[in-house]
Amino acid sequence: MTGQVRRRPPGTENVHLKTGEVEVPAAEALILNEARTPVFPLDEERPVGEELRLTYRYLDLRRPSMQRNFRIRHQTYQVVRAFFDQHGFIEVETPALTRSTPEGARDYLVPARLYPGHFFALPQSPQLFKQLLMVAGLDRYFQIVKCFRDEDVRADRQAEFTQIDVEMSFVDREDVLVLMEELVATIFHKVKGVELNRPFPRLKYDEAVARYGLDKPDTRFEMFLGDLGDLCARTTFRPFGDALASGGQVKGIKVQGKAEAFSRKKVDDLTEFVKGFGAKGLTPFRMTAEGLQSPVAKFLGPEALEGIVRRFELGAGDLLLAIGDSRAVVAESLGRLRGKLGFELGLVDETLIHPVWVTDFPLLEYSEEEKRHVAVHHPFTAPMDEDVSLFESAPEKMRAKAYDLVINGHEVGGGSIRNHDRETQQKVFDALGFSPEQARERFGFLLEALEFGTPPHGGIAFGFDRLVMLLTGADSIREVIAFPKTQRAQCLMTGAPAPVDPVQLKELGLRLHVS
RNA sequence: GGGGCCGUGGUGUAGCCCGGUUAACACGCCGGCCUGUCAAGCCGGAGAUCGCGGGUUCAAGUCCCGUCGGCCCCGCCA
């Protein structure tokens, strides 16, 4: 359209339109293309089913909130790249077609035409490549990179997702945390105009689990788990007694002022909730004018009850919800309960951004399924120096030089200082139950590289989509990914994945056995 | 692999729990009026057989079973 912009005549202005005070009389108008009526409204007035949105994603993306999300995503890319550039990092691309690694998530595989029966894997992360870049002397590396994990999807997880991947040489944990804190603060400042309190608080893994029940606590509200195991030491209440006798715990959380409001029914509902995380029950203690009341009061005795009142500083009307079980179940179920109650009771101020570093993770944990130790972070993570002596005696007690950045209960980033000497790396592989042959077969190139004067190094990777999710306030990662997949990892728009032509299979030397 | 919620005109919902005449409402769409239109108003209209399959019943959108799909969660995610 061409024409002269002019003021609308008095009385014809439209206050509903941003441009309602002016108009352009058309001197010339040309239709470039015609448009069908959109299959759903694009003006934000109304929610639209996600299935439809994903099928017509190109229309969905026209909507103002989507346009806004992708502007924010774009700004975030720019801020990240500028930050790393200014701090002497260089961006290096690593292969998308690489080797399948035995540890970790399920790989997406790509058949290799020239080597029938052999496969590439899409990277779960550029972990090994970035370490090798440190060996290569590219001391400060970063990359905004796609990663692929063939695991089931969640609201904050997609089969393919984007990481800000970082690695640095000649650093210790402190160097990484301080600089990455600056990165995150810069992102929130420049993209969202939010000043984050620094330094970010730090929590050791053990503390996080003890106080919040989870290793990714939402620290926006105060509500902590407390231990009442010692107070129940002589209880005849079997669930508590059995838990303690077998090395478990009895812990609880105080729910302020809810002794009355949380009815029997409500507690039953919460019990069902914690059962989902392995707890067998949930025991309420209600603080009334007549003292602490509980179905299990008679199994505890007045002394224990008094101890509980004091320990949890229970005032009239307060409720305490307790669970006795294995340490893992107690932590997980109370931690999840804490999160649920925080939201339901309106304790969470959703405008807050509360980052926290979680450090001192265990290096290894025993996998019942695999009957061996597996890496909590990944097999290249360095143990704490003072724990190295535990390799033979108590490997599960070793702590790692690993750290996570948690924001509002989301694990936004994670990293570690790596093993830069071959001996320690070999010991980790040993502890993981790899035979020397297996280690050489799978990671020979890494072990060999470590023989060429590898500098101490470490790094971190941030979930870019999760960060943008926080920056936009979206409640699903799909809102900040242009063409996301469904929960069943399909693309409703293109119909991927789809069968391929038999000719293609033949070229690849593949035959299907679909059941 | 498992648990839960949802699936009704183009869109979003109501109806389903307590089966029963032409499946309701809003927006959108089409036509007309209004000739300063727009995110205004008035009048009229088209459009769903209720995801799919089976069952129960005289009768099912409504009950039961199965199945497909979307979402949330557990498992899984070094």
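None of the values given here were measured: they were computed from a predicted structure.
When heavy atoms are screened at a 4.0 angstrom cut-off, A:T12 is found touching base atoms of the nucleic acid. Within 4.0 Å of A:V153, counting heavy atoms only, lies no atom of the nucleic acid at all. Heavy atoms of A:V39 sit under 4.0 angstrom from primed sugar atoms or phosphate atoms, though from no base atom. Residue-level contact check: A:P379 touches the bases, meaning some heavy atom is under 4.0 Å from a base atom. The residue A:P9 sits close to a base: some heavy atom pair falls under 4.0 Å.
A side-chain donor from one of A:Q131 and A:H457 sits under 3.5 Å from a side-chain acceptor of the other. Using modelled atom types, one finds no donor on one side chain facing an acceptor on the other under 3.5 Å when comparing A:Y366 with A:E368. Using a 3.5 Å distance cut-off with no hydrogens or angles, the side chains of A:D107 and A:Q124 do pair a donor with an acceptor. A:S416 and A:R418 form a side-chain donor-acceptor contact under 3.5 Å, judged by distance and modelled atom types alone.
Residues of residues 265-276 of chain A having a heavy atom closer than 4.0 Å to RNA chain B: none are found.
Between B:rC65 and B:rC29, the two P atoms lie 42 Å apart (nearest whole Å). If you take atom C1' in B:rG12 and the same atom in B:rU37, they sit 28 Å apart, rounded to whole Å. Taking atom P in both B:rU21 and B:rG61, one finds a spacing of 10 Å when rounded to whole Å. Taking atom P on both nucleotides, B:rG55 is separated from B:rA59 by 12 Å, rounded to a whole Å. Taking the P atom of each, B:rG53 and B:rA26 are spaced 31 Å apart, rounded to whole Å. Look at the P atom in both B:rC25 and B:rG31: the space between them is 23 Å, to the nearest Å.
Applying the 4.0 Å criterion to OP1 and OP2 of B:rG75, one finds that A:R157 has every side-chain N and O outside that range. Checking the phosphate oxygens (OP1, OP2) of B:rC74, a side-chain nitrogen or oxygen of A:R154 falls inside 4.0 Å. Listed pair A:Q487 / B:rC72 meets the phosphate criterion, a side-chain N or O lying under 4.0 Å from OP1 or OP2. Close to B:rC74, at under 4.0 Å from its OP1 or OP2, lies a side-chain N or O of A:R336. OP1 or OP2 of B:rG70 has at least one side-chain nitrogen or oxygen of A:Q490 nearer than 4.0 Å. Between A:T486 and B:rG70 there is a side-chain polar atom (N or O) within less than 4.0 angstrom of OP1 or OP2.
When both distances must be under 3.5 Å, the Watson-Crick or G-U wobble mate of B:rC25 is B:rG12. Across all strands shown, B:rC71 pairs with B:rG4; the Watson-Crick or G-U wobble distances both stay below 3.5 Å.
A donor-acceptor distance shorter than 3.5 angstrom exists from the side chain of A:Q158 to the backbone of A:K485, with no hydrogens or angles considered.
Nearest approach of A:V374 to A:S367, heavy atoms of both residues: CG1-CB, 3.9 Å.
In this structure, A:L52 atom CG and B:rG28 atom P are separated by 18 Å, rounded to whole Å. The distance between atom CZ of A:R488 and atom C1' of B:rC68, rounded to the nearest whole Å, is 9 Å. Residue A:R46 contributes atom CZ, which lies 15 Å from atom P of B:rG10 at whole-angstrom precision. Distance CD (A:E479) to C1' (B:rG70): 14 Å, rounded to an integer number of Å. One interatomic measurement links the two molecules: CG of A:L54 to P of B:rC6, which rounds to 21 Å at whole-angstrom precision. Following rounding to the nearest Å, A:R6 (CZ) and B:rG36 (C1') show an atom-to-atom distance of 10 Å. Atom P of nucleotide B:rG36 and atom CZ of A:R7 are separated by 21 Å, given to the nearest angstrom. Rounded to an integer number of Å, the gap from A:R63 CZ to B:rG28 C1' is 15 Å.
Put simply, the side chain of A:R149 and the base of B:rC76 share no donor and acceptor less than 3.5 Å apart.
Between A:E411 and A:K216 no salt bridge is recorded (no basic side-chain N to carboxylate O distance below 4.0 Å).
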- Item | A:F161 vs A:F148, ring pair (Phe, Tyr, Trp, His ring centres under 6.0 Å): CA-CA, chis, key distance, verdict | CA-CA 7 Å; A:F161 60 100; A:F148 306 85; 8.1 Å; no

